[in-house]
Amino acid sequence: MTVTRFAPSPTGFLHIGGARTALFSYLYAKGRGGRFLLRIEDTDRERSTQAAVDAIFEGMAWLGLAGDNAQPIYQTQRFGRYAEVIQQMLDAGTAYHCYASKEELDALRAEQQARKEKPRYDGRWRPEPGRTLPAPPAGVKPVVRFRSPDEGQVVLKDLIKGEIVFDAVELDDLIIARSDGTPTYNFCVVVDDMDMGITHVIRGDDHVNNTPRQIQILQALGATPPAYAHVSMILGADGAKLSKRHGALGVTEYRAMGFMPEALLNYLVRLGWSHGDQELFTRQEMMDKFDFDHVSASPARFDMEKAYWVNHQYLKVTDPAIVAPEFDWHLRRIGVDPSGGPLLIAVIEQQRERCRTLVEMAEKSRFFFEELSGYNEKDAAKHLAAKAVPVLGALIEALNAADWQPEALHAAVHGVAEKLGLKLGDVAQPIRVAIAGMAVSPPIDQTLALLGRERSLGRLQAALRRAESAA
RNA sequence: GCUCCUAUCGUCUAGAGGCCUAGGACGGAGCCCUCUCAAGGCUUAAACCCGGGUUCGAAUCCCGGUAGGAGCGCCA
């Protein structure tokens, strides 16, 4: 069975690149009837916070990417297991104690860099047959290093980047346990992936250089390495790497920008992956069609314009009942209480064609739910001027007599235009400004119907007074 | 510095040696439709990083440049 995992370290929010990696892992496993697991890599106790764990879960939940393990795995809860494996390796001779101090190592690195060499551990405490190691210095707590094979090659058959060959000579003996006994990242990952039965490791390509080491450790442990897929990163619109101080946003920020979770997912899945010319995918289609043969090895820029377009496509076809809760969330977020107004579903049906985001939809729908705070002055000057007086007067009369349904309202508005010998636009625009406060709204008959008789007529009366005073 | 990765329209990409006069999508431009804004329809501009090879034939394979990027921690 295919088993994948998403293993963030809780040092910040779930950013867009992490979300895409999680999505790929989720789709790959789910599309194959496998399992998608969650693991929290919190061995760095200094930087890991509960707040970050919560933020990551919040982001995952909003995106609907739940892990199949009811309780995610926390590395800090597995220290006993890591200690056990370390001891096992020490006993087997695939790991050894190193008493070199940090200062010593720093000096070594500096020397190597001065000689323009790649910094690496020189094996000064590495046991070799026929070699006598110095006596361990008193009072120094040793670290544990992995005894990396010093000959041959490690071949990584990456599902995205193809075959990558590393010379064992390039790989030095990395520390797997610190002097305080705590295990390090590369080691924990290996043990966890092995214990969790991970078959496919899908992660950012900044880990490519870690992979040969992880494979070596796995081999030293007698385990079969999983398959790997290294996903390229996401760049900002300017082509620069996304970072906290440069444009990196948490997925919840995309919610605040008015994205639907499924739309964000769709945009993300197409960033670096393709399935012929298809742009839009349902979640089921993503699961059925996603594969690594069509994932690009090169980094991709995040294009907000296209993301908005995808979002708009979703808004247009998603069942309004599903959009409604998110819409409600956005309305309240801008201080609008939708409870006394028209049905959200009905408003969505009228607005979704003309809004790319829910933020836009909420802003453009304010007037349905709250009293007009004033007119857009430019629009009012144009459409509620003196010449609007007879138009508004006739409209009030005609609408007052109309059955408050879209068809009847449509007929009434047309009737007024005809009677006054005006084009429909000359009649519709004053109504718009009168009831929406601005010259933009859904079709006028629909807008009137949604707003309701009392509110509509009241606003038309107010507009008439305004036009009269302008005369 | 060393190791590794990457390179098709502005952006995301299709492309597995001849289907390529390089396709689609976003964005741009123009036209049509129209009660506003949209949506929709049609049309259009726009790319194979450079140089060598291999081959009858290269966007596709190889080599070398160039340009980006990642990694080289008792961080993850």
Side-chain angles (χ1 to χ4, degrees), chain A residues 7-11 41-44 46-48 75 98 100-102 105-106 109 112-120 141-145 156 158 161-162 164-167 169-172 174-180 182 184-186 188-189 204-212 230 232-233 235 237 239-241 267 270-280 293-294 296-310 312 316 351-356 364 379 383 410 413-414 417 423-429 431-433 436 438-445 447:
Chain A
S9 52
T11 55
E41 310 213 318
D42 54 351
T43 51
D44 184 353
E46 296 284 300
R47 296 197 298 155
S48 302
Q75 291 188 322
C98 168
S101 67
K102 276 184 195 175
L105 262 14
D106 286 344
R109 241 191 309 275
Q112 290 167 325
Q113 269 164 346
R115 264 184 275 131
K116 310 225 182 256
E117 284 170 14
K118 178 175 177 171
R120 45 142 67 80
K141 294 234 179 163
V143 298
V144 177
R145 284 185 187 269
L156 161 60
D158 194 88
K161 295 184 186 284
I164 305 174
V165 179
F166 298 87
D167 278 321
V169 188
E170 295 296 330
L171 279 7
D172 64 357
L174 83 158
I175 293 170
I176 58 176
R178 305 179 180 96
S179 46
D180 66 1
T182 57
T184 59
Y185 170 78
N186 276 105
C188 297
V189 167
D205 71 356
D206 47 337
H207 290 287
V208 169
N209 291 289
N210 288 330
T211 308
H230 287 98
S232 65
M233 57 182 198
L235 270 21
K241 183 186 176 176
Y267 176 72
R270 274 289 288 107
L271 198 60
W273 174 72
S274 60
H275 184 75
D277 288 339
Q278 191 171 346
E279 298 287 350
L280 270 9
D293 296 347
H294 296 278
S296 166
S298 52
R301 300 187 191 200
F302 192 96
D303 180 8
M304 200 49 98
E305 285 301 318
K306 182 142 184 190
Y308 281 144
W309 176 80
V310 173
H312 192 187
K316 285 198 294 182
Q351 295 280 214
R352 60 185 183 170
E353 201 166 82
R354 60 205 86 238
C355 302
R356 298 201 301 175
K364 286 183 172 172
D379 292 340
H383 299 293
H410 183 82
V413 173
H414 269 267
K423 284 185 294 183
L424 192 51
D426 296 329
V427 179
Q429 288 305 78
I431 306 179
R432 274 208 167 79
V433 180
M438 57 192 167
V440 176
S441 86
I444 207 66
D445 46 357
T447 306

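Letters go in sequence order (proteins before strands), and every chain restarts at 1. Everything numeric here is computed off the predicted structure, so don't read it as measured data.
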**Item:** Separation of the C1' atoms in B/G69 and B/U54, to the nearest angstrom
**Value:** 30 Å
**Request:** Using the C1' atom as the reference point in each nucleotide, state the distance between B/C49 and B/C56 in Å, no decimals.
**Result:** 27 Å
**Request:** Just call it for A/Glu117: base, sugar-phosphate, or nothing, with non-hydrogen atoms closer than 4.0 Å on any strand.
**Result:** base
**Request:** Under 4.0 Å between any heavy atoms, over every strand shown, what does A/Pro8 touch: base, sugar-phosphate, or nothing? Just pick one.
**Result:** nothing
**Message:** Any base atoms under 4.0 Å from A/Lys316, or only sugar-phosphate, or nothing? Heavy atoms, all strands.
**Reply:** sugar-phosphate
**Nearest-angstrom distance from the residue atom CH2 of A/Trp273 to C1' of B/A25** = 14 Å
**Request:** Determine the contact category for A/Glu170: base if any of its heavy atoms lies under 4.0 Å from a base atom, sugar-phosphate if only primed atoms, P, OP1 or OP2 are that close, otherwise nothing.
**Result:** sugar-phosphate
**Request:** Compute whether any side-chain donor of one residue and acceptor of the other, for A/Thr11 and A/Arg47, lie under 3.5 angstrom apart.
**Result:** no
**Prompt:** Which part of the nucleic acid does A/Ser274 contact within heavy-atom distance under 4.0 Å: base, sugar-phosphate only, or nothing?
**Reply:** sugar-phosphate
**Prompt:** Just by distance, do the side chain of A/Arg301 and the backbone of A/Ala237 share a donor-acceptor pair under 3.5 Å?
**Reply:** yes
**Request:** For A/Arg354 and B/C35, give me the distance from atom CZ to atom P, rounded to whole Å.
**Result:** 13 Å
**Request:** Using the C1' atom as the reference point in each nucleotide, state the distance between B/C48 and B/A14 in Å, no decimals.
**Result:** 12 Å
**Item:** Separation between the P atoms of B/C31 and B/A70, rounded to whole Å
**Value:** 45 Å
**Item:** Separation of B/G71 P from A/Leu171 CG (nearest whole Å)
**Value:** 16 Å
**Request:** For A/Ser441, report the nucleic acid contact type (base, sugar-phosphate, nothing); a contact means any heavy atom under 4.0 Å.
**Result:** base
**Prompt:** Which is true for A/Lys102 with a 4.0 Å heavy-atom rule: it touches a base, it touches only sugar-phosphate, or it touches nothing?
**Reply:** base
**Request:** Would you indicate which nucleotide in B/A25, B/C4, B/A76 comes nearest to any side-chain atom of A/Asn186?
**Result:** B/A76
**P-based separation of B/A7 from B/C12 [nearest Å]** = 12 Å
**Prompt:** How many Å lie between CG on A/Asp445 and P on B/C35, as a whole number?
**Reply:** 11 Å
**Prompt:** When all nucleic acid strands are considered with a 4.0 Å heavy-atom cut-off, which category describes A/His230: base, sugar-phosphate, or nothing?
**Reply:** nothing
**Message:** With a 4.0 Å limit, can you tell me whether A/Lys364 has a side-chain N or O closer than that to the phosphate oxygens OP1/OP2 of B/A38?
**Reply:** no
**Request:** Under 4.0 Å between any heavy atoms, over every strand shown, what does A/Ala439 touch: base, sugar-phosphate, or nothing? Just pick one.
**Result:** base
**Closest to the A/Pro119 side chain, choosing from B/C72, B/U3, B/C35** = B/C72
**Message:** Counting the atoms with a prime plus P, OP1 and OP2 as sugar-phosphate, which does A/Ile444 contact under 4.0 Å by heavy atoms, base, sugar-phosphate, or nothing?
**Reply:** base
**Prompt:** Can you find a side chain N or O atom of A/Thr43 that sits less than 4.0 Å from OP1 or OP2 on B/A76?
**Reply:** yes
**Item:** A/Asp172 CG - B/U3 C1' separation (whole Å)
**Value:** 12 Å
**Nearest-angstrom distance from the residue atom CG of A/Asp206 to C1' of B/C5** = 12 Å
**Prompt:** Any sub-3.5 Å donor-acceptor pair from A/Arg356's side-chain atoms to A/Ala307's backbone N or O?
**Reply:** no
**Message:** Considering every strand and a 4.0 Å limit on heavy-atom distances, what is the contact class for A/Gly204: base, sugar-phosphate, or nothing?
**Reply:** nothing
**Request:** Determine the interatomic distance between P on B/C37 and the same-named atom on B/G28; round to the nearest Å.
**Result:** 16 Å
**Complete:** Side-chain atoms of A/Asp303 come closest, of B/G71, B/U11, B/G27, to B/U11
**Asked** If you measure from the P atom in B/U21 to the same atom in B/C5, how many Å do you get, rounded?
**Response** 33 Å
**Asked** The side chain of A/Asp277 lies closest to which of these nucleotides: B/U36, B/A76, B/G24?
**Response** B/G24
**Prompt:** For A/Asp426 and B/U34, what is the distance between atoms CG and P respectively, to the nearest whole Å?
**Reply:** 16 Å
**Request:** Have a look at A/Ala100 and say if it touches a base, only the backbone sugar-phosphate, or nothing, with a 4.0 Å heavy-atom cut-off.
**Result:** base
**Message:** Taking any heavy-atom pair under 4.0 Å as a contact, classify A/Met438: base, sugar-phosphate, or nothing.
**Reply:** nothing
**Request:** Consider the side chain of A/Val440, meaning its heavy atoms from C-beta on, and name the nucleotide among B/C4, B/U36, B/U6 that approaches it most closely.
**Result:** B/U36
**Request:** Report the C-alpha separation of A/His294 and A/His275 in whole Å, then their side-chain angles, then the decisive distance to 0.1 Å, and conclude whether the side-chain contact (heavy atoms from CB on, under 4.5 Å) test is met.
**Result:** CA-CA 7 Å; A/His294 296 278; A/His275 184 75; 5.8 Å; no
**Item:** Atom C1', compared across B/A46 and B/A22: separation rounded to whole Å
**Value:** 13 Å
**Message:** Side chain of A/Trp309 only, heavy atoms from C-beta on: which candidate in B/U13, B/C4, B/A25 is closest?
**Reply:** B/A25
**Asked** Touch check for A/Thr11, heavy atoms < 4.0 angstrom, all strands: base, sugar-phosphate only, or nothing?
**Response** nothing
**Message:** Is there, by distance only and without an angle test, a donor paired with an acceptor across the side chain of A/Thr184 and the base of B/C74 below 3.5 Å?
**Reply:** no
**Quiz item: A/Arg432 side-chain donor-acceptor pair to B/U36 base, under 3.5 Å** = yes
**Message:** Please report the distance, rounded to the nearest Å, between CZ in A/Arg109 and P in B/G71.
**Reply:** 15 Å
